[in-house]
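In what follows, chains are A, B, ... by sequence order, proteins preceding strands, each numbered from 1. For the numbers below, each heavy atom of this structure counts, side chains included, while hydrogens, waters and symmetry mates do not.
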Protein chains: 2
Amino acid sequence: MQDINESRSGRAADTVVRQLSQKIQSGEYSDGTPLPPERLLMEEFGISRTVVREAVQSLSKQGLLEARPRHRPIVRKPGYDAAISAMESVVSHLLNNSGGVKNLFDTRILVESALVRQAAQQAQRDDIAALKSALEANKAAVDDSERFYLTDRAFHALLYEIPQNPVLPALHRAYVTWLAPQWSRMPRLPERNRANYEAHVAIFDGILMRDPDAAETALRCHLDQAWEQVCETFGDGL
Amino acid sequence: MQDINESRSGRAADTVVRQLSQKIQSGEYSDGTPLPPERLLMEEFGISRTVVREAVQSLSKQGLLEARPRHRPIVRKPGYDAAISAMESVVSHLLNNSGGVKNLFDTRILVESALVRQAAQQAQRDDIAALKSALEANKAAVDDSERFYLTDRAFHALLYEIPQNPVLPALHRAYVTWLAPQWSRMPRLPERNRANYEAHVAIFDGILMRDPDAAETALRCHLDQAWEQVCETFGDGL
DNA sequence: GCGTCATTTTGGTACGACTAAACATGGCAG
DNA sequence: CTGCCATGTTTAGTCGTACCAAAATGACGC
């Protein structure tokens, strides 16, 4: 009810954004519930609807609100995925620049090679078991390219889960999402599926034998091969 | 001049966002120049100023425009840094959650350990020379904590530059920015500076000797130590 | 030429109105 | 009583206008 004026910030919307995000974080607006209607916020903060809408839009771009058209914005405590999706639009521009896809994929190689090394050194019994069953799912799907794609993704996803760091699975989802436009237009051949499966086996063996070097080598070989396939399909112009 | 209606998209602002971002990417609005005034865009697209403002705000949050209050928005072709800064607000929330800082720092350890391994295997003569001079700057600044902080950052930044992948330096800037709140409130002691310098030397030696394992070990030791210092300062509640 | 001041431009905010979609209600037919 | 549909209500999306203040612009005097 109090005027938020005199908050000495160039833009009124900014102070509203601060107050709202604070109320969200403090739980005053609990997760999953819709925000009060714009007209209520308007009188609560003593501002016009213009400013309310600006603030709401800003918060939704930050991932603290989920705004569907014609609906009340839903309060969302942001997770690591929200951070990733905040970059999405920018990234999509960057991927159109020459070299953008390769730069992104190279970071994936970097990260994933570090992951398999760490897995080879620290993977627990259940991690290994999960990898093993993912491998079997791979093997069972070599002839069904659509399904193989899913099991392929699942195998790599496991690598990102082993360190128990919630940033990493989010990062994997990001890679999958951003590289999907290239990947999904590639031809899916059973031979390639089989080669990928065998590459996965090699990675798994490296982890199983607690041999970081072997695991990393296998993974780099696997991803380099994938990149070559991309280049063959799109003609290097990335 | 044509009506953008009938574009079959729930929100008018979204179509304007698309059109504008396309015009920015195609160079019709060249980088560095201000966008046309809102009132012009309004009639150009046949929409109200409300929508124009919404679109402009959206684009500026995406990093395609740089909007200062009371100024015309400046067109910016987004780079990798723009992607990072798009996450900034979300990340700042995540870092307040328990474990957020540690999760982020762990990814840094992961990435940076992969970087030093790669450096040990692939660093060129000039990379090594750059590292060497960064080390000397370290050594010269051990007694001036403020300056040592800068040279410390510069040393690590070099590691991110070696693979020639523009994503990585941006990532380093992100780490520095996001972890700065914790780092900058830590006491700076010459002993610590000296210890950090020696850790850098160990990393450099590993790279110089083309010994990835040694380099990685030294780096992990270095960063783990840094994390311990953070914990001592803030009492583990991260 | 250069600084100063008045004018115009332009973004920031407010208010009011209307539309259409989503939601809530209640009545009607089975 | 139950399920479905018509109706009214809520609410976000959009538009138009108006006003203010800061910035950009240009005129003027020095």
Side-chain angles (χ1 to χ4, degrees), chain A residues 1-21 23-24 29-30 32-76, chain B residues 1-21 23-24 29-30 32-76:
Chain A
M1 200 58 72
Q2 78 295 357
D3 261 14
I4 50 87
N5 307 332
E6 330 312 340
S7 275
R8 199 127 352 276
S9 92
R11 296 205 281 253
D14 287 348
T15 79
V16 178
V17 165
R18 263 198 303 278
Q19 306 221 353
L20 279 181
S21 71
K23 289 193 176 190
I24 290 176
Y29 295 142
S30 53
T33 62
L35 214 61
E38 298 180 348
R39 288 170 175 83
L40 270 188
L41 293 174
M42 177 179 152
E43 52 182 60
E44 176 173 357
F45 289 108
I47 51 177
S48 74
R49 203 147 81 91
T50 312
V51 179
V52 172
R53 289 183 55 74
E54 200 174 324
V56 165
Q57 194 205 345
S58 188
L59 287 171
S60 95
K61 286 230 166 284
Q62 292 180 23
L64 279 84
L65 297 178
E66 180 189 338
R68 294 176 305 170
R70 305 274 168 192
H71 282 272
R72 310 251 290 276
I74 310 272
V75 176
R76 289 270 177 251
Chain B
M1 200 58 72
Q2 79 294 356
D3 260 13
I4 50 88
N5 308 330
E6 329 314 338
S7 276
R8 200 133 346 280
S9 91
R11 296 212 280 255
D14 288 349
T15 79
V16 177
V17 165
R18 264 197 303 279
Q19 307 221 354
L20 280 180
S21 70
K23 290 195 175 190
I24 290 176
Y29 296 141
S30 52
T33 62
L35 214 60
E38 297 179 351
R39 287 169 173 86
L40 270 187
L41 293 175
M42 178 177 150
E43 53 181 63
E44 175 173 357
F45 290 106
I47 53 177
S48 73
R49 203 148 77 93
T50 310
V51 180
V52 172
R53 289 183 56 75
E54 199 175 324
V56 166
Q57 195 203 342
S58 190
L59 286 170
S60 93
K61 286 230 169 280
Q62 290 179 24
L64 279 86
L65 296 178
E66 180 188 338
R68 293 175 305 168
R70 304 273 168 194
H71 283 271
R72 308 256 288 278
I74 310 275
V75 176
R76 289 271 176 252

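Residues B/Glu54 and A/Arg53 are in side-chain contact: their nearest non-hydrogen atoms beyond the backbone lie under 4.5 Å apart. Side chains of B/Val52 and B/Ile47 form a contact here, defined as non-hydrogen atoms less than 4.5 Å apart. Residues B/Leu59 and B/Ser21 form a side-chain contact, since some pair of their non-hydrogen atoms from C-beta on lies under 4.5 Å apart.
A straight line from CG of A/Leu41 to P of D/dT11 spans 11 Å, rounded to a whole angstrom. Distance A/Leu35 CG to D/dA12 C1': 13 Å, rounded to the nearest Å. With rounding to whole Å, B/Arg53 atom CZ is found 17 Å from D/dG13 atom P. The CD atom of A/Glu66 sits 15 Å away from the P atom of D/dA12 (whole-angstrom rounding). Spacing between atom CG of B/Leu65 and atom P of C/dT10 amounts to 17 Å, rounded to whole angstrom units. When the C1' atom of D/dT11 is taken as reference, atom CD1 of A/Ile74 falls 13 Å away, rounded to whole Å. To the nearest angstrom, P of C/dT9 lies 11 Å from CG of B/Leu40. Rounding to whole angstrom units, CZ of residue A/Phe45 and P of C/dT13 are separated by 15 Å.
Contact between A/Tyr29 and A/Val75 at its shortest, heavy atoms only, is O-CG1, 3.6 Å. Of all heavy-atom pairs spanning B/Ala13 and B/Ala55, the tightest one is O-CB, 4.0 Å. In this structure, A/Arg76 and A/Gly32 approach most closely via the heavy-atom pair NH1-CA, 3.6 Å.
For A/Pro69, counting side-chain heavy atoms from C-beta on, the closest listed nucleotide (D/dG13, C/dT13, D/dC15) is D/dG13. The side chain of A/His71 has C/dC23 as its nearest neighbour among C/dC23, C/dA20, D/dT14. Of the candidates D/dT14, C/dG11, C/dA14, the closest approach to any side-chain atom of B/Glu38 belongs to C/dG11. Comparing D/dT14, C/dG11, C/dA21 by their nearest atom to the side chain of B/Ala12 picks out D/dT14. Checking D/dA21, C/dA14, D/dT14 against the side-chain heavy atoms of B/Arg70 singles out D/dA21 as nearest. Comparing C/dT13, D/dG13, D/dA23 by their closest approach to the side chain of A/Val51 singles out C/dT13.
Comparing A/Met42 and A/Arg68 by the nucleotide of DNA chain C whose heavy atom lies nearest to each, the residue mapping closer to the 5' end is A/Met42. Both A/Ala13 and A/Arg49 lie close to DNA chain C; mapped to their nearest nucleotides by heavy-atom distance, the more 5′-ward contact belongs to A/Ala13.
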Taking only N/O atoms, report every protein-nucleotides 6-10 of chain D pair under 3.5 Å with atom names and distance.
none

Exercise for the section: Output, in order, the C-alpha distance, side-chain angles, deciding distance and verdict of side-chain contact (heavy atoms from CB on, under 4.5 Å) for B/Thr15 and B/Arg18. Expected result: CA-CA 5 Å; B/Thr15 79; B/Arg18 264 197 303 279; 3.7 Å; yes

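Evaluation of atom-type donor-acceptor distances gives a pair under 3.5 Å for the side chain of B/Arg39 against the base of C/dG11.
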